[in-house]
Amino acid sequence: MRMIQFEKQDFFASEKPFAKVHIVSNPPYDKRIELLDADTFYDKIGTQLKHKYVDCDAFILSSNLTAIRRIGLKPTEKFTL
């Protein structure tokens, strides 16, 4: 039996609920929602993924190409939307 579970929560306070999860995120990119320090924010996303979401797939949607590099993980694929 396959299960899909959607949750809205504070990503930085979250823990991996299953052995393998897929994360889809559209973090702020300083257009519609203001970020005081986009580089630091995206760096925190990378730290959370590296330490608490090992062996998981993350799909990050962002138009801030400078800040998204701060995640610090090499993407397996990039898509232009």
Side-chain angles (χ1 to χ4, degrees):
M1 177 181 184
R2 296 185 143 213
M3 181 175 65
I4 297 175
Q5 180 177 335
F6 294 93
E7 291 184 21
K8 180 181 175 184
Q9 59 181 298
D10 180 350
F11 177 66
F12 302 115
S14 67
E15 295 285 335
K16 182 168 68 169
F18 307 106
K20 178 78 172 175
V21 298
H22 301 287
I23 299 166
V24 178
S25 179
N26 183 13
Y29 43 89
D30 210 22
K31 297 287 185 221
R32 195 172 38 90
I33 299 172
E34 182 181 359
L35 282 174
L36 297 177
D37 187 353
D39 289 343
T40 300
F41 183 77
Y42 279 74
D43 187 53
K44 284 178 63 177
I45 292 172
T47 299
Q48 184 77 351
L49 289 171
K50 289 176 217 172
H51 296 286
K52 295 194 177 177
Y53 287 88
V54 176
D55 296 326
C56 294
D57 295 322
F59 302 87
I60 312 294
L61 307 170
S62 179
S63 67
N64 190 332
L65 301 179
T66 303
I68 202 164
R69 290 185 184 99
R70 297 294 301 245
I71 290 177
L73 295 169
K74 184 178 177 187
T76 54
E77 292 186 66
K78 292 181 183 181
F79 300 96
T80 303
L81 303 176

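Computed from heavy atoms alone, side chains included, the values below leave out hydrogens, waters and symmetry copies.
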When you measure from the side chain of K16 to the backbone N and O of V21, does any donor-acceptor pair fall under 3.5 Å?
->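 No; zero donor-acceptor contacts below 3.5 Å.
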Ring centres of F11 and Y53 under 6.0 Å apart?
->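 Yes.
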Contact check, side chains of I71 and D43, non-hydrogen atoms, under 4.5 Å |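 Of all side-chain heavy-atom pairs linking D43 with I71, none is under 4.5 Å.
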Determine whether S62 and N26 make a side-chain contact, defined as any pair of heavy atoms from C-beta on separated by less than 4.5 Å.
->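 The answer is no; the side chains never approach within 4.5 Å.
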Mark yes when over 12 heavy atoms from residues, nucleotides or ligands other than D55 sit less than 6.0 Å from its CG; otherwise mark no.
->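 At most 12 heavy atoms, drawn from other residues, nucleotides or ligands, come within 6.0 Å of this atom.
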On a heavy-atom basis, which atom in [X] and which in [Y] lie closest, and how many Å separate them?
X: N64; Y: A38; result: ND2-CB, 3.8 Å
X: Q9; Y: S14; result: OE1-CB, 3.2 Å
X: I45; Y: F12; result: N-CE2, 3.6 Å
X: L35; Y: P28; result: CD1-O, 3.4 Å

With rounding to the nearest 0.5 Å, note down the distance linking CG in D37 to NZ in K44.
->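 Going from the CG atom of D37 to the NZ atom of K44 covers 10.5 Å.
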What residues form a salt bridge (charged side-chain N to carboxylate O under 4.0 Å, His left out) with K78, not counting sequence neighbours?
->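 So K78 forms no salt bridge (charged side-chain N to carboxylate O under 4.0 Å, His left out) with any residue.
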Are a donor atom and an acceptor atom from the side chains of Y42 and T66 found within less than 3.5 Å of each other?
->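 The criterion, which ignores hydrogens and geometry beyond distance, is not satisfied for T66 and Y42.
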Report yes or no: do L73 and I60 belong to one cluster of Ile/Leu/Val/Met/Phe/Trp/Tyr joined by side chain heavy-atom distances under 4.5 Å?
->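 Same cluster: L73 reaches I60 through Ile, Leu, Val, Met, Phe, Trp or Tyr contacts under 4.5 Å.
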